[in-house]
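A quick write-up on the structure given underneath.
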Amino acid sequence: MNDCLFCKIIAGDIPSKKVYEDELCFAFYDISPMAPMHFLVVPKLHLASCAEITADNAAVVGHIFAVIAKLAKELDFADGYRVVTNCGELAGQTVKHLHFHVLSGKQLGSFD
Ligand code: AMP
Ligand code: ZN
């Protein structure tokens, strides 16, 4: 999508600190980290949020979770981490391209 920040990051038009990339997804460190380890994993397919997940495109979500489990071992945070996606403005979603926050490296608190 033309004016989507995360599509521009995937395309390399906006710089990011890349963690991982394959044919289906792209992972990069969050610019404003909330934990010592905080990166985002996004599908290369533009979906505005998890509200746009359907039976036809849901496989990418399983793929992303498998990638996160692999990265947890490789980057040594498999002892504990949180995966979060915000869906819609009421949930605090600010970038309208589906993304999964991966947070680790400290004791994470409870949330709303
Ligand atoms: P959300 O509030 O769930 O939509 O999350 C959006 C996240 O994107 C926030 O944690 C931001 O810090 C992060 N973010 C915004 N712009 C960039 C960027 N250029 N590079 C990396 N992360 C970004
Ligand atoms: Zn996008």
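Side-chain atoms are counted along with the backbone in the values below, which use heavy atoms only and exclude waters and symmetry mates. Every number for a ligand or one of its atoms is a count from 1 in the order of the listing. What you are looking at is a predicted structure, and each value in this text was computed from that prediction instead of being measured.
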From [X] [atom1] over to [Y] [atom2], what is the distance, rounded to the nearest 0.5 angstrom?
| X | Y | atom1 | atom2 | value |
| --- | --- | --- | --- | --- |
| K70 | L75 | NZ | CG | 9.5 Å |
| L45 | H97 | CG | NE2 | 7.5 Å |
| H63 | F65 | NE2 | CZ | 12.5 Å |

Q | Min N/O separation I31 to ligand 1 under 3.5 Å | A | yes
(Q) Is there a polar contact between ligand 1 and G92, counting only N or O atoms under 3.5 Å apart? (A) yes
Under 4.0 Å from any heavy atom of [X], which atoms of ligand 1 are there?
| X | result |
| --- | --- |
| Q93 | 4 (O) |
| S32 | 12 (O) |
| F28 | 21 (C), 22 (N) |
| H101 | 1 (P), 3 (O), 5 (O), 7 (C), 10 (O) |
| Y29 | 21 (C) |

Is ligand 1 less than 4.0 angstrom away from at least one heavy atom of [X]?
| X | result |
| --- | --- |
| K17 | no |
| M34 | no |
| I14 | no |

Q | Identity of the N, O or S atom of H97 lying closest to the Zn ion (ligand 2) | A | ND1
Q: Restricting to N/O/S, name the atom of H46 that gets closest to the Zn ion (ligand 2).
A: ND1
Q. With a cutoff of under 4.5 Å between side-chain heavy atoms, which Ile, Leu, Val, Met, Phe, Trp and Tyr residues group with L5?
A. F6, I9, I10, I14, F26, F28, L40, V42, V95
Report the nearest protein non-hydrogen atom to [atom]: residue, atom name, distance rounded to 0.1 Å.
| atom | answer |
| --- | --- |
| atom 4 (O) of ligand 1 | T94 N, 2.7 Å |
| atom 7 (C) of ligand 1 | D30 OD2, 3.5 Å |
| atom 1 (P) of ligand 1 | H99 NE2, 3.1 Å |

Q: Report, as yes or no, whether the 6.0 Å neighbourhood of atom CG on N57 holds more than 12 heavy atoms from other residues, nucleotides or ligands.
A: yes
What part of [X], side chain, backbone, both or neither, has a heavy atom within less than 4.0 angstrom of ligand 1?
| X | result |
| --- | --- |
| V84 | neither |
| N86 | side chain |
| F6 | side chain |

**Q.** Nearest option to atom 16 (N) of ligand 1, as decided by whichever heavy atom of V95, T85, L5 sits closest
**A.** L5
Got a donor-acceptor contact below 3.5 angstrom from the [X] side chain to the [Y] backbone?
| X | Y | result |
| --- | --- | --- |
| K106 | M34 | yes |
| N86 | H101 | no |
| E52 | L98 | no |
| T85 | F100 | no |

Q) With hydrophobic residues grouped by side-chain heavy-atom distances under 4.5 Å, do L103 and V61 end up in a single group? A) no
Q. In chain order, what residues pass the ring pair (Phe, Tyr, Trp, His ring centres under 6.0 Å) check against Y81, with sequence neighbours excluded?
A. F77
Q | side-chain contact (heavy atoms from CB on, under 4.5 Å) evaluation trace for R82 with F111 | A | CA-CA 11 Å; R82 180 175 291 163; F111 50 90; 3.4 Å; yes
